[in-house]
S.K.: 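Take this structure, written in structure tokens, and hold onto it; I'll ask about it next.
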Amino acid sequence: FRTFLFAPGNHPRRVEKVFTIGADAVILDLEDAVAISEKAATRAPIVEAMKRPRSCLGYVRVNAYDTPYCYGDLMETVGPWLDGIVLPKVESAAQLLTIDWLLVQLERQHGIAPGTIDLIPIIETGPGAAALAEICTAGSRIKRLSFGAADYTLDMGMVWTADETELAPVRAAIVLQSRVAGLEPPIDTVFIRLGAEHAEALKRSAEEVRTMGFQGKMCIHPEQVDPINGVFTPSADAVARARAIVAAFEEAEASGSASIQLDGQFIDYPVVIQARRVIGIAENIGSGP
């Protein structure tokens, strides 16, 4: 996943257009983007939107575990029309396992194989960050974590600056604990500054987290999708170089050598594994959801 694009579930025109923007996945929101008075009424339109033909994966962000809305959100939106649930403000393995158990019951109710519905927890509080190891190794269905900087900086009393240096420690921890638990690379937070004047800052943010080990970012506006997709998509030159590295190394390996030089670069197994990873990412992007 390079991009997850949010849209408020209670805005029909946005919901209709959001699946055509080019994001790898769309998240129809029942949490922060929907007023309390409209949360319950927004569930049915979200289901109807998910049932319509679409060109990318469809997720719902439900309300947090400890709110009066989470249970109803899940009961009314989970079904064979849905690819996954995004669960905000996860702070413990117990919360995650409870939601996982409920998803199993709903999957059975709808004739879906248990474990089919994806579940993405958002780490966006101090307690959630402190419980990262516990959350990652809970034995739940999660394949990857995501990070939410807006609530995290609010919870921690931090200032979310344009260069985001204050987020580096928690981002690194999320990547590390994901790797230790054998999860996929995580999905990074949204970037809240919009408009042409912030385009370079958006790109820098995406490049920074790609370098740190994230696989993509969440988006809050259609204008962010193409730039972020671009950052997380290997260029044609990068793919060509990766293929050349693999081909040269395989030829050398067949002759009994496990280290070579190619155009002035030292090549051994770690370099080849990284090259194969680049090729795999490009192929996965090309195959679509």
S.K.: Does any non-hydrogen side-chain atom of Tyr152 lie less than 4.5 Å from one of Met158?
M.R.: yes

S.K.: Check whether any side-chain heavy atom of Tyr69 lies under 4.5 Å from a side-chain heavy atom of Val62, and answer yes or no.
M.R.: no

S.K.: Any non-hydrogen side-chain atom of Arg14 less than 4.5 Å from a side-chain atom of Pro8?
M.R.: yes

S.K.: Would you please test Trp160 and Leu167 for side-chain contact (heavy atoms from CB on, under 4.5 Å) and show each step?
M.R.: CA-CA 8 Å; Trp160 188 0; Leu167 303 180; 3.6 Å; yes

S.K.: Give a yes or no answer on whether the side chain of Thr98 reaches the backbone of Ala94 with a donor-acceptor pair at less than 3.5 Å.
M.R.: yes

S.K.: Given Gln95, which partner from the list Leu87, Asp100, Val90 fulfils the side chain to side chain contact (heavy atoms under 4.5 Å, CB included) test?
M.R.: Val90

S.K.: State, to 0.1 Å, how close Gly22 and Asn229 come at their nearest heavy-atom pair, and which atoms those are.
M.R.: O-ND2, 3.1 Å

S.K.: More than 12 foreign heavy atoms under 6.0 Å from CD of Glu208: is that the case here?
M.R.: no

S.K.: How close do Cys70 and Tyr65 get, heavy atom to heavy atom, and via which atoms?
M.R.: SG-CA, 4.0 Å

S.K.: Would you please test Arg141 and Glu107 for salt bridge (charged side-chain N to carboxylate O under 4.0 Å, His left out) and show each step?
M.R.: CA-CA 13 Å; Arg141 70 179 64 201; Glu107 287 165 333; 2.6 Å; yes

S.K.: Please report the interatomic distance CE(Met50) to CG(Leu28), rounded to the nearest 0.5 Å.
M.R.: 4.0 Å

S.K.: Minimum heavy-atom separation for Leu145 to Ser178, with atom names?
M.R.: CD1-OG, 3.6 Å

S.K.: Can you measure from CD (Gln215) to CG (Asn284) and round to the nearest 0.5 angstrom?
M.R.: 10.0 Å

S.K.: Check step by step if side-chain contact (heavy atoms from CB on, under 4.5 Å) holds for Ile46 and Asn10.
M.R.: CA-CA 8 Å; Ile46 283 180; Asn10 60 340; over 6 Å; no

S.K.: Taking the side chain as everything from C-beta on, heavy atoms only, tell me whether Val60 gets closer than 4.5 Å to Val86.
M.R.: no

S.K.: Return the CD1 to CZ distance between Ile245 and Phe249, rounded to the nearest 0.5 Å.
M.R.: 11.0 Å

S.K.: For Arg210 and Asp188, run salt bridge (charged side-chain N to carboxylate O under 4.0 Å, His left out): C-alpha distance rounded to whole Å, both residues' side-chain angles, the deciding distance at 0.1 Å, then the answer.
M.R.: CA-CA 9 Å; Arg210 181 197 62 191; Asp188 190 47; over 6 Å; no

S.K.: Do any N or O atoms from the side chain of Thr189 and from the backbone of Ala149 form a donor-acceptor pair under 3.5 angstrom?
M.R.: yes

S.K.: NZ of Lys17: more than 12 outside heavy atoms within 6.0 angstrom?
M.R.: no

S.K.: Side chain of Glu48, backbone of Ala44: donor and acceptor closer than 3.5 Å?
M.R.: no

S.K.: Would you give the length of the straight line joining atom CD1 of Ile174 to atom OG of Ser146, rounded to the nearest 0.5 angstrom?
M.R.: 8.0 Å

S.K.: Does Lys89 use its side chain to pair, donor to acceptor, with the backbone of Ala64 at less than 3.5 Å?
M.R.: no

S.K.: Any luck finding a side-chain donor-acceptor pair between Asp163 and Thr161 under 3.5 Å?
M.R.: yes

S.K.: Could you pull out the closest heavy-atom pair between Gln224 and Phe191, with the gap in Å?
M.R.: NE2-O, 2.7 Å

S.K.: Check the surroundings of atom CZ in Arg193: do more than 12 heavy atoms from other residues, nucleotides or ligands lie under 6.0 Å from it?
M.R.: yes

S.K.: Between Arg171 and Ser205, what is the shortest heavy-atom contact and its length?
M.R.: NH2-OG, 3.9 Å

S.K.: Within the distance-only criterion (no hydrogens, no angle test), does the side chain of Glu124 pair as donor or acceptor with the backbone N or O of Ala150 below 3.5 angstrom?
M.R.: no

S.K.: State plainly whether the residues Arg276 and Glu250 are in salt-bridge range, i.e. N to O under 4.0 Å.
M.R.: yes

S.K.: Can you tell me how far apart NE2 (His11) and CD (Glu38) are? Round to the nearest 0.5 Å.
M.R.: 7.0 Å

S.K.: Mark yes or no for whether His110, through its side chain, and Val78, through its backbone, hold a donor-acceptor pair below 3.5 Å.
M.R.: yes

S.K.: Given the rule in the salt bridge (charged side-chain N to carboxylate O under 4.0 Å, His left out) test, do Lys39 and Glu31 qualify, once you have shown the distances and angles that lead to the verdict?
M.R.: CA-CA 8 Å; Lys39 289 186 185 295; Glu31 196 208 12; over 6 Å; no

S.K.: Closest approach of Val278 and Ala238, non-hydrogen atoms and distance?
M.R.: CG1-O, 4.1 Å

S.K.: I want to check something: taking the side chain as every heavy atom from C-beta on, are Gln265 and Ile267 in contact at a cut-off of under 4.5 Å?
M.R.: yes

S.K.: Going by heavy atoms in the side chains, are Asp155 and Pro127 under 4.5 Å from each other?
M.R.: yes

S.K.: Evaluate side-chain contact (heavy atoms from CB on, under 4.5 Å) for Tyr71 paired with Leu102, printing each intermediate quantity in order.
M.R.: CA-CA 9 Å; Tyr71 177 79; Leu102 181 55; 3.8 Å; yes

S.K.: Can you tell me if Ser55 uses its side chain to pair, donor with acceptor, with the backbone of Phe19 under 3.5 Å?
M.R.: yes

S.K.: Checking side chain to side chain contact (heavy atoms under 4.5 Å, CB included) against Ile85, which of Ile27, Leu74, Asp73, Ile120 comes through?
M.R.: Leu74

S.K.: Between atom CZ of Phe1 and atom CD of Glu184, what is the distance when rounded to the nearest 0.5 Å?
M.R.: 7.0 Å

S.K.: Please determine whether side-chain contact (heavy atoms from CB on, under 4.5 Å) holds for the pair Cys56 and Leu5, giving the CA-CA distance in whole Å, both sets of side-chain angles, and the decisive distance to 0.1 Å.
M.R.: CA-CA 11 Å; Cys56 66; Leu5 177 58; over 6 Å; no

S.K.: Membership question, hydrophobic clusters at under 4.5 Å side-chain separation (ILVMFWY): are Trp81 and Leu106 in the same one?
M.R.: yes

S.K.: List for me each residue that meets salt bridge (Lys or Arg N to Asp or Glu O under 4.0 Å) alongside Arg2, sequence neighbours excluded, and say none if there are none.
M.R.: Asp24

S.K.: Any sub-3.5 Å donor-acceptor pair from Ser257's side-chain atoms to Ser259's backbone N or O?
M.R.: yes

S.K.: Are any side-chain N or O atoms of Asn63 and backbone N or O atoms of Thr67, one a donor and one an acceptor, separated by less than 3.5 Å?
M.R.: no

